[in-house]
Amino acid sequence: MSAPAQPATSQIGFVDAQRVEEAPSLIAPKWTTWSAQTLAQQGGPMRVRVVAARLPFLSEQFVGKRLAQMQADGLVTRAGDRHGAPYQLSGFGNALSSVHRALSDWSHAHLPLDKVAGAERVEDAVRRLHLRRSTAVIQVLDAGGPMRFVHIAEQAGLDNGFTRQRLIRLQLDGLVTRTGPRHGDPYVLTAAGRALGPVYAAVEHWSNPVAAPRPAPVPVAAATRTHTGIPLGSDGIRTSAALRRSTAAPSSLFSHAPEPQLRVPTAVATQSASSRGW
């Protein structure tokens, strides 16, 4: 038998798991948060070349593609259809500030990261949260942990193999742990996992069409969703060097002061596509 159900320790159990996982998919692509933060700092329209100048570790071509995709997703608008027209955050994009702040606060309190730029911290947090059906697993453990994986699968409505994969990933991300070293020992949420309630609530509120109206997606022929790892090829060396020397880390949407050292961890910058399982 599974362990007796315990009262939920936070608002984790009250959020719409599907909404919480689908909404971050709009901001999960690598460098989306950096672009949104740059536009927020400006507070007005910016041309692609100007945004790229603020993000010297990215090519202007890549920035243009990322902004085009953000327009298709309703996060930014463009002042006209002419070539070179500037971009600015939409109301939906501006409302991201509460989500970014919740992610940043949670990361600062619970994740043992080195000193990294604020936008990179947010992107790392999103990576840990938006995997399909991971929220359901966390909700089950929040309501009834400790629990063996077969009972987690049963409660979450998942097959055993998929549940095992999710638990392995959640362990690697520091959200779930085992109560002992033996095979078959029950799983339980870590402190970071138990603290996800405010983050989930912020994401759900942002994605709620009543609380935060979202403009209709704009079809953009040139926009193609890229993998989370930026395909810069040999530009990787240029990217790392620029990240080390850049002082333009976007930070205006965060409740914390700018980090003194702007650095994207090598594992994040060069292996994001292969290690994140998106």
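This is a predicted model, so every value here is computed, not measured.
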**Student:** Rounded at 0.5 Å granularity, tell me how far OG1 in T190 sits from CG in L175.
**Tutor:** 5.5 Å
**Student:** Should V137 and L158 count as side-chain neighbours, where that means a heavy-atom distance under 4.5 Å?
**Tutor:** yes
**Student:** Do you know the tightest heavy-atom contact between A201 and V15?
**Tutor:** N-CG1, 4.2 Å
**Student:** Same cluster for I168 and I138 if Ile/Leu/Val/Met/Phe/Trp/Tyr side chains link at under 4.5 Å?
**Tutor:** no
**Student:** Evaluate the side chain to side chain contact (heavy atoms under 4.5 Å, CB included) criterion for residues Q69 and D73: first the C-alpha distance (whole Å), next the side-chain angles of each, then the deciding distance (0.1 Å), finally the verdict.
**Tutor:** CA-CA 6 Å; Q69 184 59 57; D73 290 336; 3.3 Å; yes
**Student:** When you compare the side chains of Q18 and E22, does any donor N or O come within less than 3.5 Å of an acceptor on the partner?
**Tutor:** yes
**Student:** Measure from the side-chain N and O atoms of T32 to the backbone N and O of A28, and report whether any donor-acceptor pair falls under 3.5 Å.
**Tutor:** no
**Student:** Is there a side-chain contact between T77 and Y87, using heavy atoms and a 4.5 Å cut-off?
**Tutor:** no
**Student:** Roughly how far apart are D16 CG and Q139 CD, rounded to 0.5 Å?
**Tutor:** 8.5 Å
**Student:** Salt-bridged, D124 to R128, with N to O below 4.0 Å?
**Tutor:** yes
**Student:** Output, in order, the C-alpha distance, side-chain angles, deciding distance and verdict of side-chain hydrogen bond (donor to acceptor under 3.5 Å, both in side chains) for S107 and R121.
**Tutor:** CA-CA 7 Å; S107 176; R121 182 177 290 276; 2.9 Å; yes
**Student:** Any donor and acceptor pair, going by atom type alone, linking the side chain of R47 with main-chain N or O of G84 inside 3.5 Å?
**Tutor:** yes
**Student:** Does A85 offer a backbone N or O that forms a donor-acceptor pair with the side chain of R78 under 3.5 Å?
**Tutor:** yes
**Student:** Taking all atoms of both residues into account, what is the closest heavy-atom pair of V48 and E60, and its distance?
**Tutor:** CG1-O, 3.6 Å
**Student:** To the nearest 0.5 angstrom, please state how far the CD atom of Q37 sits from the CH2 atom of W31.
**Tutor:** 13.5 Å
**Student:** Apply the side chain to side chain contact (heavy atoms under 4.5 Å, CB included) test between L167 and each candidate in V176, L172, T177; give the one that qualifies.
**Tutor:** V176
**Student:** Considering only heavy atoms from C-beta outward, does the side chain of R66 approach that of F62 to under 4.5 Å?
**Tutor:** yes
**Student:** Are the side chains of Q171 and Y187 in contact, using a 4.5 Å heavy-atom criterion?
**Tutor:** yes
**Student:** Determine whether a donor-acceptor pair (N or O, by modelled atom type, separation under 3.5 Å) exists between the side chain of E123 and the backbone of T33.
**Tutor:** yes
**Student:** About how many Å separate CD of E154 and CG of N160, when rounded to the nearest 0.5 Å?
**Tutor:** 9.5 Å
**Student:** Within the structure provided, determine whether L129 and L103 are in side-chain contact (heavy-atom separation under 4.5 Å).
**Tutor:** yes
**Student:** Is there a path of hydrophobic side-chain contacts, each under 4.5 Å between heavy atoms of I, L, V, M, F, W or Y residues, that connects V150 with V188?
**Tutor:** no
**Student:** Would K30 and E120 count as a salt bridge (Lys or Arg N to Asp or Glu O under 4.0 Å) here? Give the steps.
**Tutor:** CA-CA 9 Å; K30 188 68 176 171; E120 183 63 31; 2.8 Å; yes
**Student:** What is the distance from atom CG of L58 to atom NZ of K65, rounded to the nearest 0.5 Å?
**Tutor:** 13.0 Å
**Student:** Grab the two heavy atoms, one from M147 and one from V140, that are nearest each other, plus how far apart they are.
**Tutor:** SD-CG1, 3.6 Å
**Student:** Is there a side-chain contact between T38 and M46 in this structure, where contact means two heavy atoms from C-beta onward sitting under 4.5 Å apart?
**Tutor:** yes
**Student:** For R169 and D173: C-alpha separation, side-chain torsions, deciding distance, then whether salt bridge (Lys or Arg N to Asp or Glu O under 4.0 Å) applies.
**Tutor:** CA-CA 6 Å; R169 174 59 185 272; D173 285 340; 2.9 Å; yes
**Student:** If we count only N and O atoms by modelled type, under 3.5 Å, do the side chains of R54 and Q42 hold a donor and an acceptor together?
**Tutor:** yes
**Student:** Identify the heavy atoms of A202 and S98 that sit nearest to each other, and give their distance.
**Tutor:** CB-O, 4.1 Å
**Student:** If the plane angle is over 60° it's perpendicular, under 30° parallel, otherwise tilted; pick one for F92 and W206.
**Tutor:** parallel
**Student:** Rounded to the nearest 0.5 Å, what separates atom CZ in R19 from atom OG1 in T135?
**Tutor:** 13.0 Å
**Student:** If you measure from the Lys or Arg side-chain nitrogens to the Asp or Glu carboxylate oxygens, is any gap between D185 and R182 under 4.0 Å?
**Tutor:** yes
**Student:** Can you find a pair of side-chain heavy atoms, one from M70 and one from S35, that are under 4.5 Å apart?
**Tutor:** yes
**Student:** Using atom types as modelled and distance alone, determine if a side-chain donor or acceptor of E21 lies under 3.5 Å from a backbone N or O of R133.
**Tutor:** yes
**Student:** Look at atom CD of Q61 and say whether more than 12 heavy atoms of other residues, nucleotides or ligands are closer to it than 6.0 Å.
**Tutor:** no
**Student:** Quick one: does any side-chain atom of S90 pair with a main-chain N or O of L75 as donor and acceptor, under 3.5 Å?
**Tutor:** yes
**Student:** Quick one: does any side-chain atom of S207 pair with a main-chain N or O of V203 as donor and acceptor, under 3.5 Å?
**Tutor:** yes
**Student:** Given side chains that start at C-beta, do those of I27 and V122 come closer than 4.5 Å, heavy atoms only?
**Tutor:** no
**Student:** Which pair of heavy atoms, one from A195 and one from H110, lies closest together, and at what distance?
**Tutor:** CB-NE2, 3.1 Å
**Student:** Do V50 and L55 land in one hydrophobic cluster if side-chain heavy atoms of ILVMFWY residues count as linked below 4.5 Å?
**Tutor:** yes
**Student:** Please report the shortest heavy-atom distance between A136 and A17, naming the atom on each side.
**Tutor:** N-CB, 4.4 Å
